[in-house]
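Whatever order the structure lists them in is the order used to number ligands and atoms, beginning at 1.
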Amino acid sequence: MARNPKHDILLEPIGFGPKTSRNRFWQTSHCTGYGSERPGTQARFRAMKAEGGWGVVCTEFCSIHPESDEYPWHSARLWDQGDIINLGYMCDEVHRHQSLAGVQLWYNGMHSPCLESREVPRGPSGLPSNVFPERAVYDATADEDDIKAIINMYVLAAQRAEQAGFDIVEVTGSDSTLPMQFLERRYNRRTDRYGGSLANRSRFYIEVMAALKRAVGDALAVTTRFETDTINGEFRVQHHDEGLHFVELMHREGVCDLWAVKIGDYEEWGEDAGSSRFRQTNWMRPFVSHVKAIVGPAVPVVSNGRFTSPDDMVEALRRGQCDIIGAARPSIADPFLPAKIAAGRLEDIRECIGCNLCVSRMQQQALLSCTQNPTSGEEYRRGWHPEQFDQTANPCSVLVVGAGPAGMECAMVLGKRGYTVHLRDCAPELGGHWRDVARYPRCSEFGRVISYRQSQLAKLRNVEVQLGVSPMTADEVLQYGADKVVIATGAHWSTVGLGAEVHRPIHGADASRASVLTPEQIMRGKEVPGERVVVLDGEGYFTGIAMAELLADRGKQVTLVTNMNDVAEFSKYTMELANNKRMLHQKHIRHLTNHWAHAFEPRRLALFYLYRDSAELNELEPGRWGRRSSNALVYLDCDALVLVTSRVPNGELYAQLKSRRAEWQKNAVQAVYRIGDCHAPRQILNAIFDGHRLAREFDSPHPQYPLPFIRERQVWGHETFPKRGDARPSVEVS
Ligand code: ADP
Ligand code: SF4
């Protein structure tokens with residue numbers, strides 16, 4: 001299908017400073033965990049976006065000096081020659097596809113734990129970090145010599161960036177980094193010319209930009225990422241107050257070639273990476289528009305907002321909100337988003353669902369992966385390309401039983417690789433358990449997991465989808481006539497309260513009773529009796545809190561009980577925890593942490609506190625040490641109990657087939673594999689990855705078990721950069 005001419009504007013080139021982007025698609029800097037230490041993964045991940053049409057591709061936050069060190073979270077780094085070599089590979093790869101490479105220069109002052117470098121960060125006022133309050137992280141107050149030294153750090157890092165081949169140096173003035181620490185009244189207690197008035201507090205930021213313009217501005221674009229509102233109140237940056245006034249001040253100095261605008265600071269960066277549970281596409285529009293109005297037509301503005309629809313993007317450009325569409329998550333979910341828009345292939349766009357599992361990987365100090373795009377992060381180490389699939393040399397017929405996320409993904413990739421696939425499910429629709437999930441409060445965008453795969457499967461003539469069939473038995477599978485079988489029968493919520501806390505059923509918690517319910521039963525319409533409901537949450541992600549909200553919206557008095565330290569504890573990784581708590585507060589949902597259920601009695605739930613036993617160890621009997629145990633219980637009156645305790649694999653079909661292995665040959669069945677939640681019920685991104693990987697490696701010797709991938713680490717005996725005793729360029733001025 002040809003491109004709609006109204007989308008042409010997205011493909012127009014645009015200049016800023018000495019550089020021109022070939023189009024209006026800008027992959028804003030976003031965390032990955034790949035850093036400078038995994039050069040292959042970094043380069044091939046970013047290069048895929050350049051290949052897919054992103055005119056500008058940036059690194060994640062990139063430390064300019066060992067004083068800014070957030071290990072074990074992995075930033076990129078431009079500390080030395082080794083980093084120049086490693087990030088230089090990324091630049092080469094990005095340039096191969098005619099895109100520009102940007103690097104985000106990052107010095108984090110008081111929020112630098114320096115757990116690897118052991119150096120002391122400098123900052124405006126020598127205060128403890130509010131981001132790491134439990135770790136005793138402080139900065140040292142910078143005098144004017146220190147300030148000059150830090151500005152030198154930026155300049156030297158920018159020169160290293162130029163050596164590596166970067167086109168753009170972006171000063172991060174966002175996420176509570178040093179420029180913001182000087183700007184914000186809560187951090188800046190200075191009485192010299194870097195403190196006090198807004199003009200004084202802006203001085204450091206503007207001096208950094210001016211120094212970069214002087215040092216590298218003829219060759220590189222010097223830009224910034226700035227938050228106009230930290231979204232957390234007094235003494236911080238507020239949009240209509242100091243946020244916009246700062247933009248006016250800096251713009252007047254003429255030191256910034258382009259502005260990338262956002263909201264939210266380090267503590268509230270969930271307002272920048274807004275999840276779809278709380279923020280709709282383009283939620284930052286009002287903030288960004290005001291910046292565009294100040295800087296005028298000559299200085300481009302980049303706006304993010306989880307844009308996946310070209311119509312929304314064009315509207316943002318036409319309404320004067322911005323000149324360039326920025327994206328992190330949409331570019332992860334579909335590196336080929338621009339290319340698909342350019343080709344008019346809108347139905348092939350793999351839209352981000354806003355689940356923030358990508359963010360959660362970084363927040364767990366791990367490596368980025370994505371729910372929608374299982375190839376992200378696998379471009380180098382497994383050699384996967386999101387749009388290219390090796391045709392199988394051994395075509396055969398494959399029966400996939402179960403059309404949940406894992407089964408759909410597996411059938412789709414097998415289909416793209418040239419296998420003849422039958423995807424069968426006893427449910428009348430595709431999607432498995434994810435159909436329920438997409439109907440939970442706030443989770444409608446999650447439905448894109450199903451709709452994308454549904455439309456791709458419909459295009460594959462060698463994949464036959466059969467829905468609403470009777471549940472397949474082992475006999476039927478064996479006699480079906482397929483050469484190979486993939487079991488993707490999913491999982492169900494425990495109906496007896498099995499959970500990670502005690503690993504055994506909870507007395508009286510039996511979902512065959514009217515007063516005990518699982519999420520599946522609630523979504524299928526089982527009536528929730530009475531007024532008072534307890535949701536027992538052992539998952540800690542979105543299911544428990546979604547059940548609590550759904551029932552509160554129905555007028556129930558809800559209490560959320562969890563064994564974890566916090567409600568929906570996993571959501572601290574997806575940056576949703578604060579808004580989850582705000583929602584609970586607004587909807588009068590009570591909560592109790594560090595408790596688990598002992599027994600469900602008529603109209604009351606007996607709970608125990610996880611730490612009720614003694615702190616002291618006692619010799620209970622000769623040779624046997626233990627704690628003095630307590631049987632203390634607390635009681636919650638309730639009419640109904642919702643069990644969100646753990647998921648149990650639907651593993652019977654696979655087990656039966658496995659036990660009848662002797663019959664495979666006579667039925668011409670060569671192999672039976674299992675994927676997704678019936679294998680192990682983990683998070684959605686793992687179920688999809690599982691289905692994808694099996695299909696990619698389907699003709700390997702043992703496809704059930706993954707092939708090795710490239711591990712990037714220093715191999716003993718090879719060169720290091722720098723070496724012990726090497727000089728470090730001095731940044732000090734006197
Ligand atoms: P996953 O997340 O691993 O993809 P889901 O639970 O979402 O798992 O999906 C599993 C799907 O398998 C469901 O749609 C269910 O109806 C289907 N299913 C389970 N057992 C059978 C069976 N014996 N025959 C056909 N379909 C089945
Ligand atoms: Fe979007 Fe989720 Fe993928 Fe992140 S993990 S890019 S939020 S689909």
Side-chain angles (χ1 to χ4, degrees), residues 27 30-32 273-277 279 306 308 327-335 337 350-362 368-377 386 399-411 422-438 445-446 448-450 452-453 466-477 480 485-493 520 573-576 647-654 656-657 674-692 694:
Q27 180 248 280
H30 72 77
C31 305
T32 57
S275 78
S276 59
R277 289 184 57 244
R279 300 287 174 257
R306 233 175 52 249
T308 55
R329 289 167 295 170
S331 74
I332 300 168
D334 196 342
L337 180 62
R350 199 168 39 250
E351 289 181 284
C352 167
I353 67 169
C355 61
N356 278 10
L357 281 177
C358 49
V359 176
S360 82
R361 304 287 288 196
M362 170 64 188
L368 179 145
S369 1
C370 169
T371 301
Q372 279 283 64
N373 175 12
T375 69
S376 58
L399 167 65
V400 180
V401 184
M408 285 192 295
E409 179 74 14
C410 189
H422 284 193
L423 175 62
R424 307 193 93 218
D425 199 303
C426 50
E429 290 171 78
L430 289 168
H433 81 293
W434 208 248
R435 275 196 318 281
D436 281 350
V437 170
E445 258 187 48
F446 289 10
R448 292 172 175 179
V449 164
I450 304 171
Y452 167 71
R453 285 163 185 83
Q466 301 169 10
L467 299 172
V469 302
S470 56
M472 290 196 84
T473 61
D475 280 334
E476 280 171 314
V477 170
Y480 191 78
V485 176
V486 178
I487 302 298
T489 46
H492 60 275
W493 286 102
E520 287 118 347
Y573 300 124
T574 56
M575 305 307 298
E576 295 169 292
R647 293 169 74 213
V648 180
N650 300 327
E652 308 76 23
L653 183 58
Y654 177 81
Q656 285 163 13
L657 289 164
R674 61 178 166 172
I675 55 170
D677 295 333
C678 76
H679 191 185
R682 299 173 298 157
Q683 287 173 339
I684 174 84
L685 92 178
N686 292 319
I688 292 178
F689 174 83
D690 218 17
H692 190 99
L694 186 89

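- At distances below 3.5 Å, not a single donor-acceptor pair connects side-chain atoms of Thr574 with backbone N or O atoms of Ser360.
- Side-chain contact check for Val449 versus Arg453: some heavy-atom pair is nearer than 4.5 Å.
- If you take SG on Cys352 and CD1 on Ile332, they are separated by 7.5 Å, rounding to the nearest 0.5 Å.
- Look at Cys352 and atom 1 (Fe) of ligand 2: an N/O/S atom of the residue is under 2.8 Å from the metal.
- Using a 4.0 Å heavy-atom cutoff, Asn650 is absent from the residues neighbouring ligand 1.
- Atom OG1 of residue Thr473 and atom CG of residue Leu653 lie 8.0 Å apart, to the nearest 0.5 angstrom.
- When non-hydrogen atoms are compared, ligand 1 lies under 4.0 Å from neither the backbone nor the side chain of Thr473.
- For atom 3 (Fe) of ligand 2, the closest heavy atom belonging to the protein is Cys370 SG, 2.4 Å.
- For the pair Asn356 and Arg329, the minimum side-chain heavy-atom distance is below 4.5 Å.
- Two residues are said to be in side-chain contact when any heavy atoms from C-beta on lie closer than 4.5 Å; Phe446 and Arg277 meet this criterion.
- Residues Pro649 and Arg674 have side chains not in contact (no heavy-atom distance under 4.5 Å, counting atoms from C-beta outward).
- At under 3.5 Å, not a single nitrogen or oxygen of Arg647, backbone or side chain, sits near a nitrogen or oxygen of ligand 1.
- Those atoms of ligand 1 that come under 4.0 Å of a heavy atom in Val401, given as number and element, are 22 (C), 24 (N), 25 (C).
- Where the criterion is an N or O separation shorter than 3.5 Å, residue side chain and backbone included, Ala406 meets it with respect to ligand 1.
- Nearest protein heavy-atom neighbour of atom 7 (O) of ligand 1: His433 ND1, 2.6 Å.
- The protein non-hydrogen atom at the shortest distance from atom 20 (N) of ligand 1 is Thr489 CG2, 3.2 Å.
- Aromatic ring pairs are classed by plane angle as parallel below 30°, tilted from 30° to 60° and perpendicular above 60°; the pair His422 and Tyr480 is perpendicular.
- The structure places CD1 of Ile684 at 6.5 Å from CD1 of Ile353, a figure rounded to the nearest 0.5 Å.
- Panel note: side chain Arg682, backbone Ala687; no donor-acceptor pair is recorded below 3.5 Å.
- Close contacts of ligand 1 with Gly432, meaning ligand atoms under 4.0 Å from a residue heavy atom, involve 7 (O), 9 (O), 13 (C), 14 (O).
- Note: no N/O pair closer than 3.5 Å links Ala687 and ligand 1 by distance alone.
- Listed by number with element, the atoms of ligand 2 under 4.0 angstrom from any heavy atom of Gly354 are 1 (Fe), 7 (S).
- Looking only at heavy atoms of the protein, atom 6 (S) of ligand 2 is closest to Arg329 O, 3.4 Å.
- When the options Ala488, Gly402, Ala680 are ranked by their closest heavy atom to atom 10 (C) of ligand 1, first place goes to Ala488.
- Less than 4.0 angstrom separates some heavy atom of Thr371 from each of these atoms of ligand 2: 3 (Fe), 5 (S).
- Side-chain atoms of Ile487 and Val401, non-hydrogen and from C-beta on, do get closer than 4.5 Å to each other.
- With values rounded to the nearest 0.5 angstrom, His679 atom NE2 is found 10.0 Å from Leu694 atom CG.
- The nearest protein atom to atom 15 (C) of ligand 1, hydrogens excluded, is given as Asp425 OD1, 3.5 Å; this is a heavy-atom distance.
- Atom 8 (S) of ligand 2 has as its closest protein heavy atom Ile353 N, 3.4 Å.
- Looking at ligand 1, you won't find any N or O of Gly676 less than 3.5 Å from one of its N or O atoms.
- Under the 3.5 Å distance criterion, with hydrogens and angles disregarded, no donor-acceptor pair is assigned to the side chains of Gln27 and Ser331.
- In this structure, the separation between CD on Gln372 and SG on Cys358 is 11.0 Å, given to the nearest 0.5 Å.
- Near Gly404, the atoms of ligand 1 lying under 4.0 angstrom from a non-hydrogen atom of the residue are 4 (O), 7 (O), 9 (O), 11 (C).
- Nearest protein heavy-atom contact of atom 6 (O) of ligand 1 is Gly490 CA, 3.2 Å.
- Atom 25 (C) of ligand 1 has as its closest protein heavy atom Cys426 N, 3.5 Å.
- Annotation: atom 4 (Fe) of ligand 2 to nearest protein heavy atom, Cys358 SG, 2.3 Å.
- Nearest to atom 7 (S) of ligand 2 by heavy-atom distance, out of Asn356, Val359, Val449, is Asn356.
- Going from atom NE2 of His492 over to atom CG of Asn650 covers 6.0 Å, rounded to the nearest 0.5 Å.
- For a distance bound of 2.8 Å, the N, O or S atoms of Cys355 include one lying that close to atom 2 (Fe) of ligand 2.
- Counting the atoms of ligand 1 from 1 in the order shown, those under 4.0 Å from a heavy atom of Ala491 are 6 (O).
- The closest side-chain heavy-atom distance from Cys370 to Arg361 is not below 4.5 Å.
- Of all protein heavy atoms, the one lying nearest to atom 1 (P) of ligand 1 is Asp677 OD2, 3.5 Å.
- Scanning the protein heavy atoms around atom 23 (N) of ligand 1, the nearest turns out to be Met472 O, 3.2 Å.
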